[in-house]
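Heads up, the thing below is written out as structure tokens.
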Amino acid sequence: MDESKNQSTAPQASAKKGGLTSFVRETQAEIAKVTWPTRRETMITTVMIIVMALVTGVFFLAIDSVLGFAIGHFLGMNS
């Protein structure tokens with residue numbers, strides 16, 4: 001008889017391993033492994049995001065203005 005058929009295919013519930021204190025210790029160990037960005041990297045990234053948001057805003061303002069003018073002119077709504 002094949003032994004693999006006799007084994008349960010359902011996952012076994014893992015026992016509680018240490019509770020809250022173990023969780024806190026493991027979390028601290030994982031946080032220690034993180035490579036945090038330097039202050040300079042954070043500032044550069046922040047400035048890049050602000051610049052890109054401004055560029056995107058100006059782009060959409062221009063597109064909206066051009067389309068608004070074109071549609072208004074096409075429909076004869078300009079005074």
Side-chain angles (χ1 to χ4, degrees):
M1 186 177 223
D2 190 7
E3 289 182 26
S4 64
K5 290 182 181 179
N6 291 338
Q7 294 176 351
S8 174
T9 57
Q12 296 180 3
S14 60
K16 193 173 181 180
K17 298 181 182 179
L20 183 61
T21 56
S22 176
F23 172 75
V24 170
R25 262 189 262 117
E26 291 173 10
T27 302
Q28 288 174 339
E30 289 298 319
I31 289 175
K33 295 178 187 177
V34 174
T35 304
W36 297 101
T38 63
R39 183 174 186 85
R40 184 172 187 271
E41 290 171 335
T42 304
M43 291 302 293
I44 289 171
T45 305
T46 302
V47 169
M48 287 173 44
I49 290 170
I50 291 170
V51 168
M52 289 307 297
L54 289 173
V55 168
T56 304
V58 169
F59 172 76
F60 284 116
L61 175 66
I63 296 295
D64 183 54
S65 298
V66 169
L67 288 175
F69 175 78
I71 291 172
H73 184 71
F74 179 71
L75 296 176
M77 299 171 80
N78 291 344
S79 300

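Computed from heavy atoms alone, side chains included, the values below leave out hydrogens, waters and symmetry copies. Fair warning: this is a prediction, and the values are worked out from it, not measured in the lab. The chain is numbered in sequence order, starting from 1.
- A continuous path of hydrophobic side-chain contacts links I71 to F74 [ILVMFWY only; heavy atoms under 4.5 Å].
- Here the CZ atom belonging to R40 is positioned 10.5 Å from the OG1 atom belonging to T45, to the nearest 0.5 angstrom.
- Residues satisfying the side chain to side chain contact (heavy atoms under 4.5 Å, CB included) test with E41, not counting sequence neighbours, are P37, T38.
- To the nearest 0.5 Å, the span separating CD on E30 from CD on Q28 amounts to 11.5 Å.
- Connection of I31 to F23 is not established within any shared hydrophobic cluster, with ILVMFWY side chains joined at heavy-atom distances below 4.5 Å, either directly or through further cluster members.
- Clustering of Ile, Leu, Val, Met, Phe, Trp and Tyr side chains at separations under 4.5 Å places I63 together with F59, F60, L67.
- Rounded to the nearest 0.5 angstrom, D64 CG and F69 CZ are separated by 14.0 Å.
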